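Here's the structure we're looking at; comments come further down.
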Amino acid sequence: LTQNDLVKKSNVRHGIEYWSRQMAANFTSRNPAFMVTNLMRDLQFALISATVKEGGAYAGRLAKNVLIVGKTIKTNIFNEGNKDNPEFQKYWEEFLYNGGETGYANLHSVDHQRKYVNKKLREFSNQRDFLKLFRAYTEFMESSNRMVEDLSRFATYVTSRQEGRSIERSVSDAKEITLNFNRKGSGGALANFVHTFYLFANPAIQGLRLMGSLAKNHQVRFTAMLSSSMAAGAIVPMINELLINLFGDDDDKEKYRNITPWVRRNNITIFLPFTKEKFVTWMLPHEIRPFYGIGEMAYEAATGGMRR
């Protein structure tokens with residue numbers, strides 16, 4: 001809302017920002033693989049955040065709602081709404097019309113709006129559009145990623161409403177359950193520079209802000225969450241070595257040693273005996289990875305030192 005993008009910038013900087021946005025979109029909203037990884041990380045952190053903020057009962061209800069709100073989101077994004085569940089359809093309309101969905105706001109010049117309108121008119125005219133197929137793909141991918149992004153937020157909104165909270169409070173809960181991309185900062189100091197030249201600066205800064213807020217406002221549950229994450233980092237490799245010793249062989253031990261430290265410390269890696277691949281990895285939220293990694297490194301050091 002502070003419109004920090006209206007700061008006077010050179011054509012070169014505008015060009016850098018444009019291509020940075022295109023790169024970011026190719027990594028995220030236009031990337032099919034991102035839907036899966038984003039869903040895995042987003043849901044995990046939403047449940048962790050809810051547990052720290054609200055407690056286990058709220059997080060349990062949120063987990064239940066995550067499993068059932070998907071149909072309402074899909075039918076509203078791709079069709080005409082969920083006619084089979086009037087209650088959830090009502091919640092969706094409240095969520096959407098009161099700003100629960102993460103979006104953006106930009107103020108553009110008249111010249112920019114003229115170019116945008118002319119571009120849209122060309123798309124709907126009989127002129128040959130060589131980018132039509134590409135636009136159809138990007139629109140489908142962006143809608144699909146929107147559905148993934150809305151899953152934890154809408155489930156949070158429904159949970160808060162079921163808890164008897166107001167629409168305004170429920171919208172706030174939904175936007176703040178993970179990273180609130182409507183927050184852009186004031187644009188002061190070096191913020192504009194960082195946003196221009198550092199890809200995904202806003203999520204990185206917001207992740208730190210959110211973790212700091214959880215630590216400040218919910219000290220006991222936050223400490224318990226971090227302790228559990230570090231303990232998991234130590235327990236998982238212990239379980240792997242036990243399973244390999246019971247059901248594996250020397251080749252399996254070598255495969256486990258060849259998994260890079262980065263993979264082991266940023267994902268839960270589990271040995272699956274009697275399978276072809278032998279190991280499966282489960283991505284962790286970015287905010288939790290450092291603490292899980294500390295636990296993994298502690299176990300490595302305690303059982304013979306770092307392998308790499």
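In this text, all values refer to a predicted model and were calculated from it rather than measured experimentally.
Classification of E142 and R146 as a salt-bridged pair fails, no side-chain N sitting under 4.0 Å from a carboxylate O. The existence of a salt bridge linking R257 and E300 is excluded, since no basic side-chain nitrogen approaches an acidic carboxylate oxygen closer than 4.0 Å. The existence of a salt bridge linking D173 and R169 is confirmed by a sub-4.0 Å separation between a basic side-chain nitrogen and an acidic carboxylate oxygen.
Separation of atoms OH (Y58) and CG (L47) is listed at 10.5 Å; rounding is to 0.5 Å. Here the NZ atom belonging to K90 is positioned 14.5 Å from the CG atom belonging to N82, to the nearest 0.5 angstrom. Here the straight-line distance linking atom OG1 of T156 with atom CG of D150 works out to 11.0 Å at 0.5 Å rounding. The OH atom of Y299 lies 3.5 Å from the CD atom of E241; values are rounded to the nearest 0.5 Å. In this structure, CE on M225 lies 9.0 Å from CD on E287, to the nearest 0.5 angstrom. Rounding to the nearest 0.5 angstrom, the gap separating the CG atom in L214 from the CZ atom in R209 is 9.0 Å.
Under the 4.5 Å side-chain contact rule for hydrophobic residues, L246 and I239 share a cluster. Using a 4.5 Å cut-off between side-chain heavy atoms of Ile, Leu, Val, Met, Phe, Trp and Tyr, with links allowed through other members, M147 and Y91 fall into the same hydrophobic cluster. A single hydrophobic cluster is not seen to contain both M211 and L284; linkage of ILVMFWY side chains at heavy-atom distances under 4.5 Å, directly or through other members, places them apart. Under a hydrophobic-cluster definition in which Ile, Leu, Val, Met, Phe, Trp and Tyr are linked whenever side-chain heavy atoms come within less than 4.5 Å, directly or via other members, I268 and I235 are assigned to different clusters. Under the 4.5 Å side-chain heavy-atom criterion for grouping Ile, Leu, Val, Met, Phe, Trp and Tyr, F154 is not connected to I177 through any hydrophobic cluster.
In Y97, the OH atom is not crowded: 12 or fewer heavy atoms of neighbouring residues, nucleotides or ligands sit closer than 6.0 Å. Counting non-hydrogen atoms of neighbouring residues, nucleotides and ligands closer than 6.0 angstrom, the NZ atom of K278 exceeds 12 such neighbours. Heavy-atom neighbours of F140 CZ from other residues, nucleotides or ligands within 6.0 Å: at or below the threshold of 12.
Counting only heavy atoms from C-beta outward, the side chains of K83 and T75 never approach each other to under 4.5 Å. In this structure, the side chains of I270 and N240 come closer than 4.5 Å at one or more pairs of heavy atoms. For the pair R221 and K53, the minimum side-chain heavy-atom distance is 4.5 Å or more. Annotation: side chain of P237 is in contact with side chain of Y256 (closest heavy-atom distance under 4.5 Å). Annotation: side chain of K253 is in contact with side chain of N245 (closest heavy-atom distance under 4.5 Å).
In this structure a side-chain-to-backbone donor-acceptor pair under 3.5 Å is missing from E296 to V236. Checked by atom type and distance alone, the side chain of R41 never pairs as donor or acceptor with a backbone atom of H286 at under 3.5 Å. No donor-acceptor pair under 3.5 Å is formed between the side chain of E54 and the backbone N or O of A59. In this structure, the side chain of R165 does not engage the main chain of S170 through any donor-acceptor pair within 3.5 Å. Checked by atom type and distance alone, the side chain of S227 pairs as donor or acceptor with a backbone atom of T223 at under 3.5 Å. Distance alone, capped at 3.5 Å, is enough to place a donor-acceptor pair between the D252 side chain and the D249 backbone. At distances below 3.5 Å, at least one donor-acceptor pair connects side-chain atoms of N98 with backbone N or O atoms of E94. Checking side-chain atoms of S160 against main-chain N and O of Y157 turns up no donor-acceptor pair under 3.5 Å. The backbone N or O of T178 lies less than 3.5 Å from no partner atom in the side chain of S49, so there is not a single donor-acceptor pair. The backbone N or O of L96 sits nowhere less than 3.5 Å from a side-chain atom of E101 that would complete a donor-acceptor pair.
Heavy-atom minimum distance, P32 versus Y137: CD-OH, 3.4 Å. Counting all heavy atoms, side chain and backbone alike, W262 lies closest to N267 at CZ3-ND2, 4.2 Å.
No side-chain donor-acceptor contact under 3.5 Å links N76 and E93.
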